[in-house]
Each structure stands twice: as C-alpha cells, then as structure tokens.
Amino acid sequence: MTKRLFQSPKGIKDILPDQQPHWQFVEKKIHRIGQLYGYEKLELPVFEETALFQRGVGEGTDIVEKEMYTFKDKSGTSVTLRPEFTAGVVRAYLQHGLSNLPSPVKIWSLGPVFRYERPQAGRFRQHSQFNVEALGEQDPALDFEIMSIAYHLFEDLGFRKIHFQINSIGCPMCRPNYLRALIDYYQPIQAKICRECQKRLKKNPLRLLDCKNPLCRSPIEKAPPSVHFLCKECEIHFETLKTYLDRLKRPYTQNHRLVRGLDYYTKTVFEVWVEGIGAQNAVCGGGRYDGLAEALGGPPTPGVGFASGLERIILTLKEQKVEIPEPVRPNVYFAFQGDDAKNKVVEFLSILRKHNIEAIMGFGSRSLKSQLREANRRNIQFVIILGENEMAQKKVLIKTMEGGVQESVSWDGLIPFFEKRIGSS
RNA sequence: GUGGGUAUAGCUCAGCUUGGUAAGAGCGUCAGGUUGUGGCCCUGAAGGCCGCGGGUUCAAGUCCCGCUACUCACCCCA
C-alpha cells in the first residue's frame, strides 16, 4: 500500500452525485430541443485519426498546434482525443453516405471533448459539449435555425440576457480580397502591434482582430471590417440572416472582431456571451463551414453548427441562480429488527421494486433509531417498519415521515397502500 | 508556455505576526442518550507524519529555501 492517493489528472473533474440534478436538468432540455427542431442524435467516437483534426480544424489553429491529446496506438497510428465535434460529424457524414438522407441532415451530439490547456475558471482539459450541425444546405434560414436552437435552449434553461455576437468572414471568393486589405492596413503600422500579432500578420491575418493586447486595441478599432469586403452572395446571406434575427427579435451585436479560432469557418460566425464564469464569456460558439467537407476529401457540402459547453452552462445556471428541480429520492425505506424480519425485508423489497415502487433498506445490524435517522437524512417519504410484533401478526407499520403518522397494514395490503399513495408517474 | 494566490481532518476554516502543552472548531459520518422509532438538543468515537524535501534552532503547521499540487489570470476557446 502506497501512501500517495491518486488524483484525477490536471484539469479533469469528477461530476459527483450532488451535481447530477444540474446535469440532468440540462441534458433533459437538450434532448427535448433536439426533438423539437427535428434533429437526430449522432454518437461519435471519442478519438479519431489525428490527421482528421489537422485537416479539419486547421494546421495553424491553437487547437492543433498545442492543445491536442495525441498518441500512437499499438499499430503506430496517430490518434487524437477529439478537441471538438464538427470534424468528426463531417467525417461520419461522408463515411456513411448520409448525403443520401433528405437534405439538410440535422444532427446533434453530446459528450466529452479534450484540449490540453491550462485550466482556470470555466475551462477544463475535459469538458462536455452539446453540438449541433446541419449539413447539405446553404440557406441562411438554416443559420438562423441553428442560432435559434442555442437561443431556445438558453431561454428554456432560464438564462437572462441572452445575446448574440455575430460576424461574417466571407468565403473563398471574397476573403482573399479582405485579407489583402487587412494586410495592407497592418503592414505600415507593424511596429505598433504586439509580437504575437506580427507573427499573425504573416501566418493568419484574420486572427489579428481578436488580439486582446492593449497595444493592439486601437489598430483593431480602425482596421477594415470583413463585412465591407463580402462578395454579393456572402453579403446577401449575411443580410438575410440579420433580417431573420430582427424579425424574431433576437438580440445581437455585429462584432467585427469575432473571427473565431478554427480555420473551417465561412460566412456566418457567432457566439453567445454570458457573464459570471470568470474570464470566459462564451457559452456557445459556431458558424458556417461550407468548405469543410471538401477539405476532408468529400464532395462540396455546406454546413452550419455550434457547440456549447455544459460545464459553462451549469456555471451560468448557478451564477444566475436558476432553480434546479430537487433530486429524486426513493419513496420508501424499509427498516427492520431481527434476522427473521431482515430476511422478509429482502423479499418485500424485491416485490416493491417489481411494482415500480422506489425502495431501499437499512443494512448491517443497526438500531431502529439509526435506521430512522438514515431515512430522515435521505429525505424518504415513507418508512416501513418490520419488527418482531409485526412478524408475528403478518403486518407492517408504515410511517409517513412528514407528520409522523403511523398505521398498521397487513402484508397483503402493502402494495395497494403504496399504489394508492404514490403517483403513477 | 508565462505570471499572481493558496496548501492544517471528507467539507469550510482557526492556529502562523510574537517558534516551546494548539493538533483545534463547525459541518458531515458512525455510535449512544435504557426496554422497538427520525428531525431539535446532549454525549462519545473514527478521521490529520499541519502538501513533499531540505535548512535555521535546544525546539518548527509556526521562520528560510527548493519542489509539487491546486487555483486565478494571460494566450485561445466551450
């Protein structure tokens, strides 16, 4: 026996039973919202071939450059714990020929993703994401639907002040023009921006815009916005999306600095921001990725989607003091005295549960007092007592904990008693 | 990767300034408060090499140094 206790790895958290009400609350809403919008669930593997993410997410991104959990399996194949869902969804779509389903193919997924980062408030190395994607359609109404799902979910969860940040970063037709303009703008003032940005200027100019270094603030403010360079198609797409947002009164801010850190985005990008989870402000982020399927070797296939972090959702629920339904407790605690009674209790328990009555018993050889205490702590509604007297009379004592009323019931009357009392839910 | 903060019981924390009966409290767990009964109250028990390693000293949770972990923040994101 070693003295050292094991600890969960850095940035990786257990979700203990006392957190389950929150999780179940959120997961229930997620299932319902998927149903409501006509999205079907897709379960993906937790790891994929590394190249999928390199190609899908993009070589130049932070995720691929420094945040992936990558290792070789026994055959020497490099695999990676998924750092996000979209690449995997598109892979599955292509692999299984889902394009033969009625278009658009509408999918949601839920599960853990992994990023090797320094943990902090609202950021973990393993966290859970709710992910929604719609493939095979470029209608801006679909962008709107995707955003509506996020909005609807947050509204359902009881969030206040839900607010979108939106932007359009163009397509392969118009983005080159924009990038050129951006570079032309930055080139002369290179000396006035931070070191990171000097690199970005060469590697990934779009990312110049979301630099938070105070040095770069004023250059960013004066930088040309991408929306001024959209081609006709992208412009119409963006304007139409905004019409829908206006029509349905979804609050949004057009944010020229929003470019997002993944390479696959085209046209629409958006986030939902919220306060109260430390320095993190995004509970949801997504956008359109019309070039991704092709980049992964498939036919041109447009797509839109978003991901939302469950841990951040739950932090927000707590921050905004949203009321969570009480955890469900068993209805019945079966207390006993003596070995004969105990044997009978084991039998009765089985019968109660067969009748769908939630029931637990006391274990070991604890006093009646101790069993009652336990039942009380566990917030049990009814305690059934089976002692020597009851054994002799083939009866049980049923105590209603709230109020403390007790009544004697015959063994035959046990099931009917509860079937009458406990709602058939 | 870089910086700040923190490390004493399962949890929340006192004690450290002024080194020497300070290993402590509350909550939780378990047991008991007579003969078969919960919540309030009372009593008791279990549970800590005071994060780890070194140093100073007659003496160190208490002072100094190193390490590690946790945490917050930067970068970026959910």
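Only this structure's heavy atoms are used, side chains among them; waters, hydrogens and symmetry mates stay out. Order of the sequence lines sets the chain letters (A, B, ...), proteins ahead of strands, with each chain counted from 1. Being a predicted model, the structure only gives us computed values, none of them experimental.
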Rounding to a whole Å, what distance do you find between [X]:[atom1] and [N]:[atom2]?
X: A/Tyr265; N: B/rC76; atom1: OH; atom2: P; value: 16 Å
X: A/Leu208; N: B/rC76; atom1: CG; atom2: C1'; value: 15 Å
X: A/Gln7; N: B/rA69; atom1: CD; atom2: P; value: 9 Å
X: A/Leu397; N: B/rG38; atom1: CG; atom2: P; value: 13 Å
X: A/His127; N: B/rC77; atom1: NE2; atom2: P; value: 13 Å
X: A/Asp62; N: B/rA78; atom1: CG; atom2: P; value: 11 Å
X: A/Phe159; N: B/rA78; atom1: CZ; atom2: C1'; value: 12 Å
X: A/Asn379; N: B/rG38; atom1: CG; atom2: C1'; value: 11 Å

Tell me whether [X] is salt-bridged to [Y], with the criterion being a basic N under 4.0 Å from an acidic carboxylate O.
X: A/Lys161; Y: A/Glu275; answer: no
X: A/Glu65; Y: A/Lys203; answer: yes
X: A/Lys106; Y: A/Glu145; answer: yes
X: A/Arg312; Y: A/Glu271; answer: no

[N] base / [X] side chain donor-acceptor hit below 3.5 Å:
X: A/Gln406; N: B/rU37; result: yes
X: A/Asn376; N: B/rG39; result: no
X: A/Glu390; N: B/rG36; result: yes
X: A/Arg312; N: B/rC77; result: yes

Using a heavy-atom cut-off of under 4.0 Å over every strand shown, decide if [X] touches base, sugar-phosphate, or nothing.
X: A/Glu311; value: nothing
X: A/Lys199; value: nothing
X: A/Asn281; value: base
X: A/Ile313; value: nothing
X: A/Arg260; value: sugar-phosphate

Taking OP1 and OP2 of [N], is either one under 4.0 Å from a side-chain nitrogen or oxygen of [X]?
X: A/Arg378; N: B/rG38; result: no
X: A/Lys399; N: B/rG36; result: no
X: A/Arg200; N: B/rC76; result: yes
X: A/Lys10; N: B/rC70; result: yes

**Prompt:** Taking atom types as modelled and ignoring hydrogens, do the side chains of A/Gln254 and A/His256 form a donor-acceptor contact shorter than 3.5 angstrom?
**Reply:** no
**Message:** For B/rG61, does the O4'-C1'-N9-C4 or O4'-C1'-N1-C2 angle fall within 90° of 0, making it syn, or is it anti?
**Reply:** syn
**Request:** Taking atom CZ of A/Phe47 as the centre, report whether more than 12 heavy atoms of other residues, nucleotides or ligands fall under 6.0 Å from it.
**Result:** no
Does the [X] side chain pair with the main chain of [Y], one donor and one acceptor, at a distance under 3.5 Å?
X: A/Arg378; Y: A/Tyr333; value: no
X: A/Arg353; Y: A/Ala359; value: yes
X: A/Asn213; Y: A/Leu215; value: yes
X: A/Thr266; Y: A/Asp290; value: yes
X: A/Gln19; Y: A/His22; value: no
X: A/Thr400; Y: A/Phe382; value: no
X: A/Arg160; Y: A/Gln320; value: yes
X: A/Arg125; Y: A/Pro119; value: no

If you measure from the [atom1] atom in [N] to the same atom in [M], how many Å do you get, rounded?
N: B/rC65; M: B/rG4; atom1: P; value: 14 Å
N: B/rU68; M: B/rG53; atom1: P; value: 15 Å
N: B/rC77; M: B/rG10; atom1: P; value: 40 Å
N: B/rA25; M: B/rG32; atom1: P; value: 23 Å
N: B/rU62; M: B/rA23; atom1: C1'; value: 13 Å
N: B/rG51; M: B/rA60; atom1: P; value: 15 Å
N: B/rG61; M: B/rA69; atom1: P; value: 24 Å
N: B/rA22; M: B/rC16; atom1: P; value: 11 Å

**Message:** With rounding to the nearest 0.5 angstrom, report the OH to CG distance, A/Tyr185 to A/Leu208.
**Reply:** 10.0 Å
N/O to N/O distances under 3.5 Å, protein versus nucleotides 72-74 of chain B:
from   : atom 1 : to       : atom 2 : distance (Å)
B/rC72 : OP2    : A/Ala121 : N      : 3.3
B/rA73 : OP1    : A/Ala279 : N      : 3.0
B/rA73 : OP2    : A/Gln120 : NE2    : 3.4
B/rA73 : OP2    : A/Ala121 : N      : 3.2
B/rC74 : OP2    : A/Gln120 : NE2    : 3.2

Quick one: which of [options] gets closest to the side chain of [X]?
X: A/Arg366; options: B/rA31, B/rA78, B/rU37; value: B/rA31
X: A/Phe124; options: B/rA78, B/rG38, B/rG36; value: B/rA78
X: A/Glu117; options: B/rC77, B/rU37, B/rA78; value: B/rA78

**Message:** Both atom distances under 3.5 Å, Watson-Crick or G-U wobble: I'd like the secondary structure of RNA chain B as a dot-bracket string, with | for pairs made across strands.
**Reply:** (((((((..((((......[...)))).(((((.......))))).....(((((..]....))))))))))))....
**Prompt:** If each of A/Tyr116 and A/Ile380 is mapped to the nucleotide of RNA chain B with the nearest heavy atom, which maps nearer the 5' terminus, i.e. the 5' end?
**Reply:** A/Tyr116
**Asked** Starting at the 5' end of RNA chain B, which residue's closest nucleotide do you reach first, A/Cys211 or A/Gly11?
**Response** A/Gly11
What nitrogen or oxygen pairs link the protein and nucleotides 32-35 of chain B at under 3.5 Å?
from   : atom 1 : to       : atom 2 : distance (Å)
B/rG32 : OP2    : A/Ser367 : OG     : 3.4
B/rG32 : O6     : A/Arg373 : NH2    : 3.2
B/rG33 : O6     : A/Arg373 : NH2    : 3.0

